Visitor: 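Just dropping this structure here.
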Amino acid sequence: MDRIGADFYGSLQSIRTRLGARAIPIQLPIGAEDSFAGYVDLVTKQAIVYTDDLGTTNTESLDIPAGMADLINQHRHDLIEAVADFDDAIMHLYLEEKEPTEAQINAALRKGTVAGILVPVLCGAALRNRGVQPILDAVVDYLPSPADVPAVEGTDPKTGGLLVREHDDAEPFAALAFKIQMDPQGVGKLTFFRVYSGKLRAGSNVLNASNGRKERIGRILRMHAIRREDVDEVFTGDIAAAVGLKFTTTGDTLADENHPIQLESITFPEPVISVAIEPKTKVDQEKLGMALQRLSEEDPTFKVHTDDETGQTIIAGMGELHLEIIIDRLLREFRVDANQGKPQVAYKEAIKKPAHGVGRFIRQSGGKGQFGHAEVNVGPGERGSGIVFEDKITQGRIPREFIPAVEKGVKEALQTGVVGGYPVVDIVVTLVDGSFHAVDSNELAFHIAGSMAVKDAMHKASPYLLEPIMKVDVVMPEEHLGDVMGDLASRRGHILGMEGRGTSQNVRAHVPLAEMFGYATELRSMTSGRATYSMEFSHYAEMPGNLAEAVGRRTTSRT
């Protein structure tokens with residue numbers, strides 16, 4: 001309220017018209033801009049005026065500020081009218097033109113807020129701490145607590161049966177680890193967790209129900225932004241961080257050893273965009289590897305690997321912004337300056353029809369040579385099945401000890417497909433025939449023969465490119481609906497549906513990731529900055545032939 005142009009009543013009307021929310025003020029400001037002095041509480045009918053610049057001292061008065069009587073009466077009448085919908089006693093008092101108590105108003109307001117129907121509106125000025133305390137009180141008074149949500153459900157790690165845990169300290173302990181953070185202050189790895197039932201003391205042992213490993217809770221910290229405090233015990237509904245967990249990652253369940261339960265985990269999609277990254281100086285080389293390892297431990301959707309062909313370090317994530325933040329954190333937190341390449345889409349390859357491939361690796365150069373011969377059939381697999389290897393060798397045509405070498409060669413070869421050098425997925429490879437030499441055959445020869453056989457079969461099996469398709473959700477004012485939908489269509493988007501949200505429209509579409517680079521900037525300029533969008537990975541789909549050829553040519557020229 002202390003900013004230039006601050007307009008409480010204009011903002012209130014904007015919340016109602018643009019968001020379609022039933023916004024109910026529970027405070028009215030006293031003054032605005034540089035004359036903002038405090039507020040009138042419509043529940044208690046008190047005027048709060050701050051007397052210092054830090055918001056720590058104020059005066060409370062039942063005297064209504066001059067010129068505000070009509071406004072206060074009108075908005076208090078609207079408040080009581082709104083909460084009367086959630087309390088029959090208030091409704092009777094309202095009809096009899098009598099005043100409800102503060103407790104009745106607060107209880108009914110909480111009921112309406114928890115139901116998602118009423119939206120209490122408060123005012124303040126963060127710079128001078130004015131109105132901050134009432135905001136925190138309103139969070140406690142009106143927003144839902146852990147006790148307001150249904151009991152948590154999970155499964156028995158041993159039997160898979162359904163288990164239910166009430167939100168009660170007397171129940172067995174169950175918590176979900178939702179974030180891993182490498183602590184910059186030297187504490188080590190912090191595991192943030194939320195307690196769903198029971199209680200936990202520092203120094204006790206728990207079971208990681210997701211992997212069956214036992215963990216010891218060394219210390220428990222309650223986090224306050226950059227400050228933290230040690231606590232001896234946490235209870236149901238608490239969020240805290242544990243120090244000393246060695247085997248716990250994001251999404252794991254921590255539970256009582258004697259009453260294990262596995263809560264629903266977090267699903268992490270595969271990264272869909274990658275860039276090459278390299279340190280700017282020799283000094284940064286070692287620091288870069290350590291920093292990337294720490295970041296990948298914290299973030300399960302962030303992956304790091306080294307390209308065997310180019311020797312480059314490749315980082316992969318969920319979008320442009322994700323990788324930009326990672327690179328920014330490298331500089332800010334780890335003091336590592338790095339160059340990055342252009343974003344690359346994580347394409348994959350698959351095949352359309354069955355085929356047969358032969359691989360013969362024979363080297364004779366005097367003395368002991370190399371001999372490996374393998375024949376495979378390949379065929380399309382179920383979507384999402386990855387690589388399936390089957391052994392159908394009979395009559396010992398390839399000795400049993402060489403079969404794993406063939407499988408390893410096949411799987412390594414399928415990491416680089418024949419269309420653009422991308423990993424092959426959804427393929428079934430069956431080893432059907434081969435031969436060996438009693439002296440010259442060895443594991444290396446069959447490893448190479450397996451690789452050659454599957455490459456030979458891939459060329460005959462009508463290989464094609466798969467591209468990542470993103471689920472895009474755009475919310476915009478109704479007047480920009482046509483422009484946004486036309487732009488999504490031009491990006492090869494498939495509109496799934498749309499629905500109204502107050503005066504806004506929500507459009508859902510499937511759009512190829514390759515077409516979404518720079519979308520944030522274009523969407524902002526198209527809608528005067530009033531639209532927002534979210535994007536998440538949905539699935540892989542076949543890429544149109546002409547575009548796939550272009551990608552294949554780019555890959556060939558790059559290599």
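No experiment lies behind these values; they were computed from the predicted model shown.
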Visitor: Quiz question: by atom type and distance under 3.5 Å, do the side chains of Gln74 and Asp78 form a donor-acceptor pair?
Guide: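 Yes, side-chain donor-acceptor contact under 3.5 Å.
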Visitor: Identify each donor-acceptor pair in which a side-chain atom of residues 42-49 lies under 3.5 Å from a protein atom, sequence neighbours left out, and give them as a table.
Guide:
unit_1 : atom_1 : unit_2 : atom_2 : d
Thr44  : OG1    : Gln46  : N      : 3.4

Visitor: Is a salt bridge present between Arg213 and Asp252, judged by a nitrogen-to-oxygen distance below 4.0 Å?
Guide: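 The answer is no: the pair does not qualify as a salt bridge.
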Visitor: Under 3.5 Å, is there a donor-acceptor pair between the side chain of Thr113 and the main chain of Leu143?
Guide: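 No, Thr113 side chain to Leu143 backbone: no donor-acceptor pair under 3.5 Å.
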Visitor: Is Asp230 salt-bridged to Arg219, cutoff N-O under 4.0 Å?
Guide: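 Answer for the salt bridge query: yes.
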Visitor: Do Leu122 and Tyr39 come close enough that some side-chain heavy atom pair is under 4.5 Å?
Guide: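 They are not in contact (no side-chain heavy atoms under 4.5 Å apart), so the answer is no.
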Visitor: Table please: side-chain donor-acceptor pairs of residues 256-268 below 3.5 Å, with sequence neighbours left out.
Guide:
unit_1 : atom_1 : unit_2 : atom_2 : d
Asp256 : OD1    : Asn258 : N      : 2.8
Glu257 : OE1    : Lys214 : NZ     : 3.3
Ser265 : OG     : Gly251 : O      : 3.0

Visitor: What pairs meet the side-chain hydrogen bond (donor to acceptor under 3.5 Å, both in side chains) rule with one or both residues in residues 165-176, with sequence neighbours excluded?
Guide: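 Sorted result for residues 165-176: Asp169-Thr236.
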Visitor: Among residues two or more places apart or on two chains, list those pairs meeting salt bridge (Lys or Arg N to Asp or Glu O under 4.0 Å) that have a residue in residues 521-538.
Guide: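 Applying salt bridge (Lys or Arg N to Asp or Glu O under 4.0 Å) to every pair that reaches into residues 521-538, excluding sequence neighbours, yields Glu479-Arg530, Arg491-Glu522.
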Visitor: With a 4.5 Å heavy-atom cut-off, do Asp483 and Met476 have their side chains touching?
Guide: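 Side chain of Asp483 against side chain of Met476, heavy atoms only: no contact under 4.5 Å found.
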Visitor: Show me the donor-acceptor pairs within less than 3.5 Å that the side chains of residues 130-140 make with the rest of the protein, sequence neighbours left out.
Guide:
unit_1 : atom_1 : unit_2 : atom_2 : d
Arg130 : NH1    : Phe36  : O      : 2.8
Arg130 : NH2    : Asp52  : O      : 3.0
Gln133 : NE2    : Gly55  : O      : 3.1

Visitor: Restricting to salt bridge (Lys or Arg N to Asp or Glu O under 4.0 Å), what partner residues turn up for Glu298, sequence neighbours left out?
Guide: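 Partners of Glu298 under the salt bridge (Lys or Arg N to Asp or Glu O under 4.0 Å) test: Arg329.
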Visitor: So, using salt bridge (Lys or Arg N to Asp or Glu O under 4.0 Å) as the criterion, who are the partners of Asp2 when residues are at least two apart?
Guide: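 With neighbours one apart ignored, the set is Arg128.
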Visitor: With sequence neighbours excluded, what pairs up with Lys280 under the salt bridge (Lys or Arg N to Asp or Glu O under 4.0 Å) test?
Guide: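 Testing Lys280 for salt bridge (Lys or Arg N to Asp or Glu O under 4.0 Å), a comparison that skips the adjacent residues, returns Asp337.
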Visitor: Among all residues two or more places apart in sequence or in another chain, which pass the salt bridge (Lys or Arg N to Asp or Glu O under 4.0 Å) test with Glu499?
Guide: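 Here the qualifying residues are Arg508.
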Visitor: With sequence neighbours excluded, tell me which residues meet ring pair (Phe, Tyr, Trp, His ring centres under 6.0 Å) with Phe235.
Guide: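 Once residues adjacent in sequence are excluded, Phe235 has no partner under the ring pair (Phe, Tyr, Trp, His ring centres under 6.0 Å) criterion.
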Visitor: So how far is it from Met318 CE to Thr301 OG1, rounded to the nearest 0.5 Å?
Guide: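 Spacing of CE (Met318) from OG1 (Thr301) equals 6.0 Å.
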Visitor: Who are the ring pair (Phe, Tyr, Trp, His ring centres under 6.0 Å) partners of Phe192, not counting sequence neighbours?
Guide: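 Testing Phe192 for ring pair (Phe, Tyr, Trp, His ring centres under 6.0 Å), a comparison that skips the adjacent residues, returns none.
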Visitor: Please list, chain by chain and in numerical order, all residues satisfying side chain to side chain donor-acceptor pair (under 3.5 Å) with Arg194, sequence neighbours excluded.
Guide: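 Partners of Arg194 by the side chain to side chain donor-acceptor pair (under 3.5 Å) criterion come out as none, since no residue qualifies.
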Visitor: Return the orientation label for the His510 and His539 ring planes: parallel under 30°, perpendicular over 60°, tilted otherwise.
Guide: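 Perpendicular.
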Visitor: Could you check whether the rings of Tyr519 and Tyr533 sit parallel, tilted or perpendicular, using 30° and 60° as the cut-offs?
Guide: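 The arrangement is perpendicular - the two ring planes meet at more than 60°.
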Visitor: So, do Tyr142 and Asn106 sit near enough that their side-chain heavy atoms are less than 4.5 Å apart?
Guide: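 A side-chain contact under 4.5 Å exists here.
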